[in-house]
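Report on the following structure.
Basis for what follows: all heavy atoms, side chains included, without hydrogens, waters or symmetry-related copies.
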Amino acid sequence: MVLGHLPVGYIISKMLFRTINARQATYRTFMFWGLFGSIAPDTDMIYYYLFDYRQYSHHQYVTHFPLLWLFFLLLSFVWLLLHKKWSQYPVYAIIFTLGGFVHILMDTIVGGSMLLLAPFDYRHFCLVPHVPWDATQYKFLSYGLEALVILWAILVWSGSSAPDAAEQS
């Protein structure tokens, strides 16, 4: 998945913003953290291209460990529940980590081999195995899913009204 992560972050952020508006999170900041979270696991690409390009897949780095993102997502929910004030910071943490976790789920579907149980178990998992003799079907699934996600994001964007002035601040 190359182009689909950012549109998924947009879809999730757009759908969840109105449900958390009671926490007085600003629309732009909420969208920023949602979009950044959806691409955050791929920040490891900097290290990958500078130092490890021929050694491993970047899906084997700690930024692609699903249990890490799940842990931080649960920690964000606990922070939200325990926070006495109506602060927006736990909400930003939730949308960021949710974006990262969904990124990992998308990579598991079409991203090749993933270490789903790392750091406890380093066996590789893949929902759709990439077989070299049938690369056409694999690419069709990957690009088709990506196209559907992008189309969905366009539909959400075109069908949504602009946020109120209070939401944009």
Could you check if a side-chain atom of Asp42 sits within less than 4.5 angstrom of a side-chain atom of His64, using non-hydrogen atoms only?
-> yes
Would you please test His103 and Val8 for side-chain contact (heavy atoms from CB on, under 4.5 Å) and show each step?
-> CA-CA 8 Å; His103 176 114; Val8 163; over 6 Å; no
Quick one: are Thr26 and Gln88 in side-chain contact, heavy atoms under 4.5 Å?
-> no
Can you tell me how far CG of Asp107 sits from CE of Met114, rounded to the nearest 0.5 angstrom?
-> 5.0 Å
By ring pair (Phe, Tyr, Trp, His ring centres under 6.0 Å), Phe65 pairs with (sequence neighbours left out) none
Of all heavy-atom pairs between Trp79 and Pro90, which one has the smallest distance, and what is that distance?
-> CE3-CA, 3.7 Å
Quick one: pull up OG1 in Thr63 and OH in Tyr48 and give me the separation to the nearest 0.5 Å.
-> 12.5 Å
Identify the heavy atoms of Pro66 and Leu116 that sit nearest to each other, and give their distance.
-> CG-CD2, 3.6 Å
Near Trp152 CH2, under 6.0 Å, is it more than 12 heavy atoms from other residues, nucleotides or ligands?
-> no
Value for CD (Gln60) from CG (Asp44), rounded to nearest 0.5 Å, stands at 11.0 Å
Using the ring of each side chain (for Trp, its six-membered ring), is Phe96 parallel, tilted or perpendicular to Trp69, with breaks at 30° and 60°?
-> tilted
Count the heavy atoms belonging to other residues, nucleotides or ligands that lie under 6.0 Å from CD1 of Ile46, then report whether that count exceeds 12.
-> no
Is Tyr47 atom OH crowded by more than 12 heavy atoms from other residues, nucleotides or ligands, each under 6.0 Å away?
-> yes
Qualifying residues under ring pair (Phe, Tyr, Trp, His ring centres under 6.0 Å), relative to Phe77, sequence neighbours excluded | none
Given the rule that I, L, V, M, F, W and Y join up when any side-chain heavy atoms are under 4.5 Å apart, are Leu105 and Val62 in one cluster?
-> no
Is Ile154 reachable from Leu148 through a run of hydrophobic residues whose side-chain heavy atoms are each under 4.5 Å from the next?
-> no
Crowded around Met15 CE? As in, over 12 foreign heavy atoms under 6.0 Å?
-> no
Assess whether atom CZ of Phe32 is packed by more than 12 heavy atoms of other residues, nucleotides or ligands within 6.0 Å.
-> yes
Okay, side chain of Ser38, backbone of Gly99: is any donor-acceptor separation there less than 3.5 Å?
-> no
What distance do Leu73 atom CG and Leu67 atom CG have between them, rounded to the nearest 0.5 Å?
-> 12.5 Å
Residues Ser158 and Leu155: closest non-hydrogen pair is OG-O, 3.2 Å
Met45 side, atom CE; Leu50 side, atom CG - distance, nearest 0.5 Å | 11.0 Å
In Å and rounded to the nearest 0.5 Å, what is the CG to CG distance from Leu80 to Leu75?
-> 11.5 Å
Is a side-chain donor or acceptor of Ser13 paired with a backbone partner of Tyr10 at a separation under 3.5 angstrom?
-> no
Is any side-chain heavy atom of Leu98 less than 4.5 Å from a side-chain heavy atom of Leu16?
-> yes
Same cluster (ILVMFWY, side-chain, under 4.5 Å), Tyr89 and Leu74 | yes
Any Met106 side-chain heavy atom under 4.5 Å of Leu145 side chain = no
Quick one: do Val149 and Met31 end up in the same hydrophobic cluster if we chain Ile, Leu, Val, Met, Phe, Trp and Tyr together by side-chain heavy atoms under 4.5 Å apart?
-> yes
Residue list, ring pair (Phe, Tyr, Trp, His ring centres under 6.0 Å) with Phe30, at least two apart or on another chain = Phe17
Would Ile104 and Phe36 show up in the same hydrophobic cluster when neighbours are defined by side-chain heavy atoms closer than 4.5 Å?
-> yes
